[in-house]
Amino acid sequence: RQKAFREAFDVVNQNFQSIFAELSDGDGYLQLEDSQDPFNGGLNLVAHPKGKPVRRLASMSGGEKSLTALSFIFALQRYRPSPFYAFDEVDMFLDGANVERLAKMIRQQSQQAQFIVVSLRRPMIESAERTIGVTQARGAYTQVIGIKLTGHTASL
Amino acid sequence: RQKAFREAFDVVNQNFQSIFAELSDGDGYLQLEDSQDPFNGGLNLVAHPKGKPVRRLASMSGGEKSLTALSFIFALQRYRPSPFYAFDEVDMFLDGANVERLAKMIRQQSQQAQFIVVSLRRPMIESAERTIGVTQARGAYTQVIGIKLTGHTASL
Amino acid sequence: MYIKRVELTHFKSFGGTTQVPLMGGFTVISGPNGSGKSNILDALLFCLGLAGSKGMRAERLPDLVNQNQTSRGRATVEASVSVTFDLSDELEQLALDSSPNGVPPHESGFTDEQRGLTDERLENQSSATHRNEITPSHSKQFDGGLMKEWIVTRKLRVTQQGSYTSTYFMNGESCTLTDLHQQLERLRIYPEGYNVVLQGDVTGIISMHPRERRQIIDELA
Amino acid sequence: MYIKRVELTHFKSFGGTTQVPLMGGFTVISGPNGSGKSNILDALLFCLGLAGSKGMRAERLPDLVNQNQTSRGRATVEASVSVTFDLSDELEQLALDSSPNGVPPHESGFTDEQRGLTDERLENQSSATHRNEITPSHSKQFDGGLMKEWIVTRKLRVTQQGSYTSTYFMNGESCTLTDLHQQLERLRIYPEGYNVVLQGDVTGIISMHPRERRQIIDELA
Ligand SMILES: Nc1ncnc2c1ncn2[C@@H]1O[C@H](COP(=O)(O)OP(=O)(O)OP(=O)(O)O)[C@@H](O)[C@H]1O
Ligand SMILES: Nc1ncnc2c1ncn2[C@@H]1O[C@H](COP(=O)(O)OP(=O)(O)OP(=O)(O)O)[C@@H](O)[C@H]1O
Ligand SMILES: [Mg+2]
Ligand SMILES: [Mg+2]
């Protein structure tokens, strides 16, 4: 069981390092609290966004925390992909440039899995292959409209 | 003491109703759990954004919750203003149209108090009287630049 | 594989029956505040049994039924969600995985043990050659080459007094939540999976306890 | 009144001494992720003693000192923040409030009791005519017509071993946190005030307990 964990940990760690570098333009890696006996301790994320010196996770900014958390999720995905990923406004803390980076990475990862992403941010909408529009008129029910980025709108 | 509370409650309630109507285009009011003996119960917010039927607060959407919470804060402000308000990304859940509504209301309320608002959203930046730009170059410290909306930039 | 359709009936802000057609790859859902975007994700969680009522912003399951249904004073109201998975690639993938020389299992006549199947996710896999050995409900799941679509449905019935029942179905046959979770596991969909991130939760991985974080890797290993 | 300047020295991502000039009305602070925007609000909370270290995303106060200071291996490092309030309007306002016929107190010679001052926030108000009756530190605060600016400073010193001291100052004179909070209350700035909403906290009012929410009105009444 330790061996299986070790293998998983090493792969996810490697994934995390390269994904973090791409999303946060910095260095990050996973660290076991007890490397001799992993099950005796927990798992820490060490993050240096933009090459900043190491600091406790809690003191990172909202945007930095989001990118670090998402790097971890993508690192897990590359190791054991789920068939679909559903993200609800995971870009809410990100500045425009970081929304673009995240959108590019999702576009890349979406070759291996389905991504359904709720977002209000333009760079995210523009990177998707298609958009589903949702509205609710006063006193009415939710309506759904499928919009393809070719500009072709289909109502359902 | 009950009398002082009653008076405060009535004023804040009235404020909340008109502010909520403006921000959420709907009806909202404050409700005491025990109207005979207020101190025996708590205070509920009843919110019908866009005239939707009443529902528990928890089931509101992220944007609806934000506007309801901000309406309460502004209602308190009109009753007992603080000299300054500092908001950090309170618009993170709001769609573009609602960021505009909120920005207009802050502009209005800023005649009675100082508002310092951290935001990444364009309609908020465009409604402010001035913007302070903050940046941190790689390996350097935070730098602050004051930018007036007349396009005049001053570094500090 | 991917989800190709979610159908919502009387679920939260969706009145009547609404189809949300989806495709593989990268789809964005957008629209004004309060329009129902997050409710679509709640529908996925509801149908696949991946979260409790609080995880869908409801105090109890009956809160999930569209308000108009409930207020019409009918004796019993019902809400349901169906999720249709497109399996055409997955089948071929599962078939290939189970055979060391790349020949699909139902064409080679070997038993799973002979093929050296060790992945426990495949041990329930039925195939045309083994149908007799496997329980009827399984034989309908993931039949080699025969099933391109897999539909999961969940119905919630609420009586006027407020009591309720919830029933799961796979391809129209009722099943237990445990059955459903077993099948979902074979597709790598887990209740504690990190593939669904709800509104406001993205930084949760940062604030969680280190041991909890390590367990995420345990479960995948 | 309004905050006209925040000066940060070795505080979080601010090295050296940095001025943030502010004006009344509506100011937006913007910039890329991780640049230091929220740190400016943390500086306000730090200086005015409005939050504990966790409320500023630090495990303990020493974490607030700029990393470069700490890593230079000096025996003792120091971080400080000063907040300058512009009081020119407030004074006139306070003066008017305390006098039923609108005449500023220091011009009328009546005692506070004679003026029917009941607002407990004004009971510490010193004015030129009363200076002898009031403790020295108060006589420097809000003197009728004499003080247009009020500067609050907080210094944090951390030794190499990691122990630390924090000192508050009002207009250059050291004071206790209680003194500071008393003065801030007169300006309607409270530690549990809802005038500061930190990143991610805006929906807190929705998820809080109803009794807690009622107490907010209690405190203002
Ligand atoms: N049982 C129900 N019946 C009718 N409407 C409901 C029910 N449950 C929730 N709603 C409504 O659904 C709306 C919330 O929808 P949802 O959370 O999906 O919005 P959203 O599009 O995600 O918005 P945001 O961008 O603000 O997050 C609320 O207005 C709520 O009143
Ligand atoms: N003691 C310290 N010394 C140096 N840098 C620090 C210290 N404490 C925090 N920081 C840095 O400050 C940065 C966070 O700044 P802040 O939270 O103000 O960013 P922000 O501009 O609000 O970003 P966002 O838009 O993502 O919320 C982090 O990168 C963190 O490393
Ligand atoms: Mg939502
Ligand atoms: Mg921030």
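None of the values given here were measured: they were computed from a predicted structure.
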Colleague: Is the backbone N or O of C:Q199 less than 3.5 Å from a side-chain atom of A:E89, with the two atoms forming a donor-acceptor pair by type?
Modeller: no
Colleague: In terms of heavy-atom pairs under 4.5 Å with chain C, which of A:D91, A:V11, A:L45, A:V12 leads?
Modeller: A:L45
Colleague: Please rank C:N66, C:I216, C:I40 by heavy-atom pairs under 4.5 Å with chain A and give me the top one.
Modeller: C:N66
Colleague: Please assess C:V197 against A:D88 for the test side chain to side chain contact (heavy atoms under 4.5 Å, CB included), listing each intermediate value before the final yes or no.
Modeller: CA-CA 6 Å; C:V197 183; A:D88 198 342; over 6 Å; no
Colleague: Testing the basics here: between C:N195 and A:F87, what is the closest heavy-atom pair and its distance to 0.1 Å?
Modeller: O-CE2, 4.2 Å
Colleague: How long is the span from the CG atom in C:D218 to the CG atom in A:L43, to the nearest 0.5 Å?
Modeller: 9.5 Å
Colleague: Answer yes or no: does atom CD of A:Q14 have more than 12 heavy-atom neighbours from other residues, nucleotides or ligands under 6.0 Å?
Modeller: no
Colleague: Could you walk me through whether A:V118 and C:V28 satisfy the side chain to side chain contact (heavy atoms under 4.5 Å, CB included) test, starting with their C-alpha distance in whole Å, then the side-chain angles of each, then the deciding distance to 0.1 Å, before giving a yes or no?
Modeller: CA-CA 6 Å; A:V118 176; C:V28 153; over 6 Å; no
Colleague: So which part of C:M208 gets closer than 4.5 Å to some heavy atom of chain A, the side chain, the backbone, both or neither?
Modeller: neither
Colleague: Just wondering, do A:T142 and C:S35 contact through their side chains at under 4.5 Å, heavy atoms?
Modeller: no
Colleague: Nearest 0.5 angstrom please: A:N44 CG to C:R214 CZ, how far?
Modeller: 12.0 Å
Colleague: Just give me the residue among A:A86, A:A4, A:A8, A:P81 that pairs up with chain C most often, heavy atom to heavy atom, under 4.5 Å.
Modeller: A:A86
Colleague: Do you know which of C:I189, C:V196, C:V202, C:N68 has the most heavy-atom pairs with chain A at a distance under 4.5 angstrom?
Modeller: C:V202
Colleague: Any heavy-atom pair between the side chains of C:T27 and A:T131 that's under 4.5 Å?
Modeller: no
Colleague: Is chain A contacted by the side chain of C:N39, its backbone, both, or neither, given a heavy-atom distance below 4.5 Å?
Modeller: neither
Colleague: Hey, does the side chain of A:Q114 reach the backbone of C:M1 with a donor-acceptor pair shorter than 3.5 angstrom?
Modeller: no
Colleague: Which of the residues C:P210, C:A221, C:G193, C:G36 is involved in the greatest number of heavy-atom pairs with chain A at under 4.5 angstrom?
Modeller: C:P210
Colleague: Should C:Y2 and A:P83 count as side-chain neighbours, where that means a heavy-atom distance under 4.5 Å?
Modeller: no
Colleague: Could you tell me which non-hydrogen atom of A:Q136 sits nearest to which non-hydrogen atom of C:G34, and how far apart they are?
Modeller: OE1-O, 3.1 Å
Colleague: Mind listing the closest non-hydrogen atom pair of A:K65 and C:T203 along with its distance?
Modeller: CB-CG2, 3.6 Å
Colleague: For C:I206 and A:M60, which heavy atoms make the closest approach, and how far apart are they?
Modeller: CD1-CE, 4.4 Å
Colleague: Does any backbone or side-chain atom of C:L45 lie under 4.5 Å from a heavy atom of chain A? Answer side chain, backbone, both or neither.
Modeller: neither
Colleague: Between A:A113 and chain C, with a heavy-atom cut-off of 4.5 Å, which part of the residue counts as in contact: side chain, backbone, both or neither?
Modeller: backbone
Colleague: Would A:F84 and C:L22 satisfy side chain to side chain contact (heavy atoms under 4.5 Å, CB included), going step by step from the backbone distance to the final call?
Modeller: CA-CA 11 Å; A:F84 75 91; C:L22 293 163; over 6 Å; no
Colleague: For A:Q2, does the CD atom have more than 12 heavy-atom neighbours from other residues, nucleotides or ligands under 6.0 Å away?
Modeller: yes
Colleague: Nearest 0.5 Å, please: how far is CD1 in A:I116 from CG in C:L41?
Modeller: 7.0 Å
Colleague: Nearest 0.5 Å, please: how far is CZ in C:R188 from CZ in A:R80?
Modeller: 5.5 Å
Colleague: May I ask you to check whether over 12 heavy atoms, not counting those of C:K4, lie within 6.0 Å of atom NZ?
Modeller: yes
Colleague: Given heavy-atom pairs under 4.5 angstrom as the criterion, report whether the side chain, backbone, both or neither of A:M92 touches chain C.
Modeller: side chain
Colleague: Side chain from CB out, backbone as N, CA, C, O: work out which of these in A:F72 comes under 4.5 Å of a heavy atom of chain C, or both, or neither.
Modeller: side chain
Colleague: How close do C:R211 and A:F39 get, counting heavy atoms only, and between which atoms?
Modeller: NH1-O, 3.7 Å
Colleague: Carefully, step by step, assess C:H10 and A:Y141 under the rule side chain to side chain contact (heavy atoms under 4.5 Å, CB included).
Modeller: CA-CA 10 Å; C:H10 303 151; A:Y141 298 132; over 6 Å; no
Colleague: Which answer fits C:D201, side chain, backbone, both or neither, if we ask what part of it has an atom under 4.5 Å from a heavy atom of chain A?
Modeller: neither
Colleague: Rounded to the nearest 0.5 Å, what's the gap from OG on A:S82 to OH on C:Y190? Could you check?
Modeller: 7.0 Å
Colleague: Within a 6.0 Å radius of atom CZ on C:R157, are there more than 12 heavy atoms belonging to other residues, nucleotides or ligands?
Modeller: no
Colleague: Between C:G204, C:S38, C:S207, which shows the greatest number of heavy-atom pairs under 4.5 Å with chain A?
Modeller: C:S38
Colleague: Closest heavy-atom contact between C:S30 and A:S119?
Modeller: OG-O, 2.7 Å
Colleague: In terms of heavy-atom pairs under 4.5 Å with chain A, which of C:H209, C:M23, C:E212 leads?
Modeller: C:M23
Colleague: Tell me, for A:N13 versus chain C, whether the close heavy atoms (under 4.5 Å) come from the side chain, the backbone, both or neither.
Modeller: neither
Colleague: Rounded to the nearest 0.5 Å, what's the gap from CZ on A:F9 to CG on C:L220? Could you check?
Modeller: 13.5 Å
